[in-house]
Amino acid sequence: QLQLVTSGGDLVRFGGSLTLSCAASGFAMENYVIGWFRQAPGKEREAVSCINYRNGSGSYAESVKGRFTISRDYRKKIVYLQMRALKPEDTALYSCAASWRSEPLCALDDSEGSYDEWGPGTQVTVSS
């Protein structure tokens with residue numbers, strides 16, 4: 001069974017940077033899409049970014065495009081979410097999730113139900 005562990009959340013000032021990690025274990029990763037999601041207090045969970053683990057191509061929500069970068073270390077089975085120019089509205093609990101697909105294409109409008117495994121969240125707080 002694929003297992004995910006998220007880390008890297010912290011308190012950071014407005015305009016600061018942070019990198020989150022999602023470490024996977026248990027399965028080969030090349031048929032997986034890894035997604036990053038976030039949920040702010042009182043709001044629904046939203047997709048932030050996803051990556052085709054096989055070729056490394058990523059997609060981003062409009063709210064983070066140009067500020068966040070998703071990448072992976074193929075051999076180490078770690079997916080990173082580099083976040084810069086952080087804003088208070090980026091404050092949320094961030095989680096990663098994995099979805100097995102015969103063709104691991106990712107799209108931000110993929111339903112959460114298409115993701116099979118979820119890692120625990122890591123809190124990101126951006127102070128103004």
Side-chain angles (χ1 to χ4, degrees):
Q1 182 178 358
L2 187 71
Q3 292 184 322
L4 303 173
V5 177
T6 51
S7 62
D10 206 344
L11 171 64
V12 64
R13 290 185 176 181
F14 176 84
S17 300
L18 207 57
T19 296
L20 306 182
S21 299
C22 175
S25 62
F27 279 88
M29 296 294 293
E30 69 168 18
N31 279 87
Y32 277 91
V33 166
I34 302 296
W36 279 101
F37 297 80
R38 68 185 181 186
Q39 186 167 22
K43 295 187 177 181
E44 291 188 356
R45 185 161 55 191
E46 62 172 342
V48 174
S49 182
C50 64
I51 188 169
N52 173 330
Y53 198 88
R54 183 182 297 171
N55 66 16
S57 62
S59 296
Y60 302 90
E62 286 299 321
S63 59
V64 306
K65 199 172 290 185
R67 299 188 298 121
F68 289 13
T69 302
I70 193 168
S71 63
R72 92 283 195 238
D73 185 315
Y74 192 94
R75 186 178 61 84
K76 291 184 178 179
K77 298 183 183 180
I78 300 175
V79 173
Y80 301 99
L81 185 67
Q82 296 173 282
M83 308 183 293
R84 64 176 182 84
L86 284 162
K87 308 173 183 179
E89 50 263 44
D90 294 316
T91 295
L93 186 68
Y94 285 72
S95 303
C96 66
S99 174
W100 189 95
R101 303 174 188 181
S102 56
E103 286 297 328
L105 304 176
C106 79
L108 264 294
D109 59 0
D110 289 338
S111 71
E112 292 185 13
S114 68
Y115 286 85
D116 311 298
E117 300 293 337
W118 290 79
T122 185
Q123 179 67 37
V124 173
T125 303
V126 184
S127 63
S128 57

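Between the side chain of Asp10 and the backbone N or O of Val12, no donor-acceptor pair lies under 3.5 Å. Between the side chain of Arg72 and the backbone N or O of Arg54, at least one donor-acceptor pair lies under 3.5 Å. Using a distance-only test at 3.5 Å, with no hydrogens or angles considered, a donor-acceptor pair links the side chain of Ser49 to the main chain of Ser59. Formation of a donor-acceptor pair under 3.5 Å by the Arg84 side chain with backbone atoms of Thr19 is not found in this model. One N or O on the side chain of Asn31 and one on the backbone of Ser102 form a donor-acceptor pair closer than 3.5 Å. Checking side-chain atoms of Arg67 against main-chain N and O of Ala85 turns up a donor-acceptor pair under 3.5 Å.
In terms of the ring-ring contact (aromatic ring centres under 6.0 Å, His included) criterion, residue partners of Tyr74 (sequence neighbours excluded) are, by chain and number, Tyr53. Qualifying side-chain contact (heavy atoms from CB on, under 4.5 Å) partners for Ser114, counting only residues two or more places apart in sequence or in other chains: Ser99, Arg101, Asp110, Ser111. Qualifying side-chain hydrogen bond (donor to acceptor under 3.5 Å, both in side chains) partners for Gln123, counting only residues two or more places apart in sequence or in other chains: Thr125. Here Lys43 pairs with nothing under the side-chain hydrogen bond (donor to acceptor under 3.5 Å, both in side chains) rule; sequence neighbours left out.
Distance check: Leu108 CG to Glu62 CD gives 9.0 Å after rounding to the nearest 0.5 Å. The structure places OH of Tyr32 at 9.0 Å from CG of Leu4, a figure rounded to the nearest 0.5 Å. To the nearest 0.5 Å, atom OG of residue Ser95 and atom CD of residue Gln39 are 8.0 Å apart. Separating the CZ atom in Phe68 from the CG atom in Leu20 is a distance of 8.0 Å, to the nearest 0.5 Å. From Asn52, atom CG reaches atom CD of Glu30 across 10.0 Å, with rounding to the nearest 0.5 Å. How far OH of Tyr80 is from CD1 of Ile70: 12.5 Å, rounded to the nearest 0.5 Å.
Of all heavy-atom pairs between Cys106 and Ile51, the closest is SG-N, 3.6 Å. Closest non-hydrogen pair, Ser128 versus Phe14, comes out as CA-CB, 4.2 Å. Nearest approach of Thr122 to Thr6, heavy atoms of both residues: N-OG1, 4.1 Å. Heavy-atom minimum distance, Leu93 versus Gly121: CD1-C, 3.7 Å. Between Cys50 and Ala107, the closest heavy-atom pair is SG-N, 3.6 Å.
For Glu44, the CD atom is loosely surrounded, since the number of other residues' heavy atoms within 6.0 Å does not exceed 12. The environment of Glu112 atom CD is dense: over 12 non-hydrogen atoms of other residues, nucleotides or ligands sit within 6.0 angstrom.
Every pair passing ring-ring contact (aromatic ring centres under 6.0 Å, His included) that includes a residue from residues 105-128 is listed here, sequence neighbours excluded: Phe37-Tyr115, Phe37-Trp118. Among residue pairs with one or both ends in residues 8-39, those qualifying as disulfide bond (SG atoms under 2.5 Å apart) are Cys22-Cys96; sequence neighbours excluded.
Within the 4.5 Å cutoff, the side chain of Val79 has heavy atoms near those of the Trp36 side chain. Side-chain atoms of Met83 and Val126, non-hydrogen and from C-beta on, never get closer than 4.5 Å to each other.
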Q: Using the side chain to side chain contact (heavy atoms under 4.5 Å, CB included) rule, take Leu2 and Asp116 through it: C-alpha gap first, then chi angles, then the decisive distance, then the call.
A: CA-CA 9 Å; Leu2 187 71; Asp116 311 298; over 6 Å; no
Q.
The test is side chain to side chain contact (heavy atoms under 4.5 Å, CB included); show your working for Val124 and Arg38 and say whether it passes.
A. CA-CA 9 Å; Val124 173; Arg38 68 185 181 186; over 6 Å; no
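There is a path of hydrophobic side-chain contacts, each under 4.5 Å, that joins Val48 to Ile34.
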